[in-house]
Amino acid sequence: MICLRVLCVLCGFTLCCAALDRDAFTFTAYDLLVRIEPDSQALDARGKIRLRNDSLQPQRSLALQISSTLRWTSIRLEGKPVAYVTGPYTSDIDHTGAVSEAVVTLGRDVPPGAAVELELVYGGAIPVDASRLRRLGTPPEIAARTDWDRISRQFTAVRGIGYVAWYPVATTAANLSEPAEYAQILGTWKARHARSQMKLALQYTGAGETAAFSGACPAQPVSKPASCDWAPIGNTVPTFVVAPLVALSRPAIDVWHLAGHQDTAADYALAAERMLPLITAWFGPARAKVQLVELALPDAAPFESGPMLIGPLRPANAKSLEVMMAHQLAHAAFESPRLWIYEGLAHFAQALARERQDGRKAALAYLGRFVPALVETEEASSQQPAASALVSTHDEVLYRSKAMFVWWMLRDMVSDAGLQRALRAYQPAQDKEPAYFQRLLEAQARPALEWFFAEWVYRDRGLPQFRMEAAHPRARLGGGFLVTVTVENLGGAAAEVPVTVRTQSGDRASRLLVPAKAKASKRIEVPYTPVEARANDGSVPEADLGNNSIAIKMR
Ligand SMILES: [Zn+2]
């Protein structure tokens, strides 16, 4: 044993000199037995992991990172103890702001594409910890709302990478004070590991509790070990919750709530059921059940992972609950490896829910709430346009809010039926190149959409900025008027924008494609005296809607 320790230290010194590539290996499979002891907040884990060298170079060493409140006990390679050196490594992929890193000497070159299998034992405690947020100066009460992961007597809720490294991972240091870089590191990790598998057996020493998991596993009592297979991990973050939860089970949704909250739980379930026909019409039948898991922290920020939503069950009015449930129902129905599609469609579903409740105007007002943050993000991302193309971005504002607008604009451009046909034809496994969805949409709904995808999806051109330049009316011989409207787009992205001529009796709407940094005109026929022309009803995101209308003066 002493010899081995000496060897570890010696190997540690030699490793300092060899370059360690923390991103070289992809963790392709986990098979873990995790024991949770709520009284001591302890987590003890053992199991096997499989890693593949996805770099272009042979690798002689690899890094394994777990939360800094956990410690490595044993690492074995192909059945034999292996030399490794451990130490703290500052990284905000964990709530403590650091990880316990083991640098393992493989003893031979592992060529590109080759795999290694390691047997691991590690353990420690997972107390609530908001060190990484406190380091940024976040007020404690706000930090507590976000970093709520813990093992405790009251409840256990532990999210994976980005919150708690409860299973081994390895990334270069991610720093929350650099949000764009942080999102990039975490987003790249998740994308690389979407096809990886995780098998978890969860032992719990408390009694009478229920374990819920992200992914497709049903919640289950933990009187005997509970188990969950993430096969594959996909868009989820491997997460487990153990608490005295009671089920309210309906065909489309399970609400796991705490005792005494059955009325609120029923409100959530009913809201989901009311939205189900709309979501099915757009995104097809559900592939999984929505899992709503109550967290015993009334102020906690909710967390979503695929069709699962963890958070406090706050009573709310029926419309808000419907809008909230539309998001998770969309995730349960529609799968995609691309964030702008997966998350963008779920946010689009929320706007559709608002439209179903109170009409298009209400939906556009809902969309409008996301414009200020989007404008701010677009201004900042114009510095690094390569990272901010919608098709590959890890920036949440872009893949959520901008994508929501993109889906709404596509829907306006190709019709509901056209977009729904394309969504029905979508196969996540076939989505291997950026233009896959564009081609589906062109085949199912409307040809020649390259210009739109080029400016909104494949590259980041910022937002359009419309100005209504002129609206000239002319009386027609047979009655009515012809109004020639000219719209200028001062922004960097082309868009097909709704143009409306208001008359003394009703409006007449049309659509006009205005290229970036250019003008476009259209003649719109109206039966009554025109009063005003307006571009953009709010369905196309732009910073300033103040110069979009012009009064029409009859000579
Ligand atoms: Zn989502």
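All ligand and atom numbering here is 1-based and tracks the order in the structure. Each residue takes its place number in the sequence, starting with 1.
Cation-pi geometry between Arg22 and Tyr89 is satisfied (NZ or CZ under 6.0 Å from the ring centre, within 45° of the ring normal). With a 6.0 Å cutoff to the six-membered ring centre and a 45° limit on the axis angle, Arg159 counts as a cation-pi contact of Trp148.
Here the protein contributes Glu304 OE1, Glu304 OE2, His327 NE2, His331 NE2, Glu343 OE1, Glu343 OE2 as N, O or S atoms under 2.8 Å from the Zn ion (ligand 1).
Ring geometry, Trp166 versus Phe240: the interplanar angle exceeds 60°, so the pair is classed perpendicular (tilted spans 30 to 60°).
Within the structure, ring pair (Phe, Tyr, Trp, His ring centres under 6.0 Å) contacts touching residues 242-296 (residues at least two apart or in different chains) are Trp282-Phe348.
Atom CD of Gln427 sits about 8.5 Å away from atom CG of Leu440, to the nearest 0.5 Å.
Side-chain contact between Thr210 and Val222 is absent, with no heavy-atom pair separated by less than 4.5 Å.
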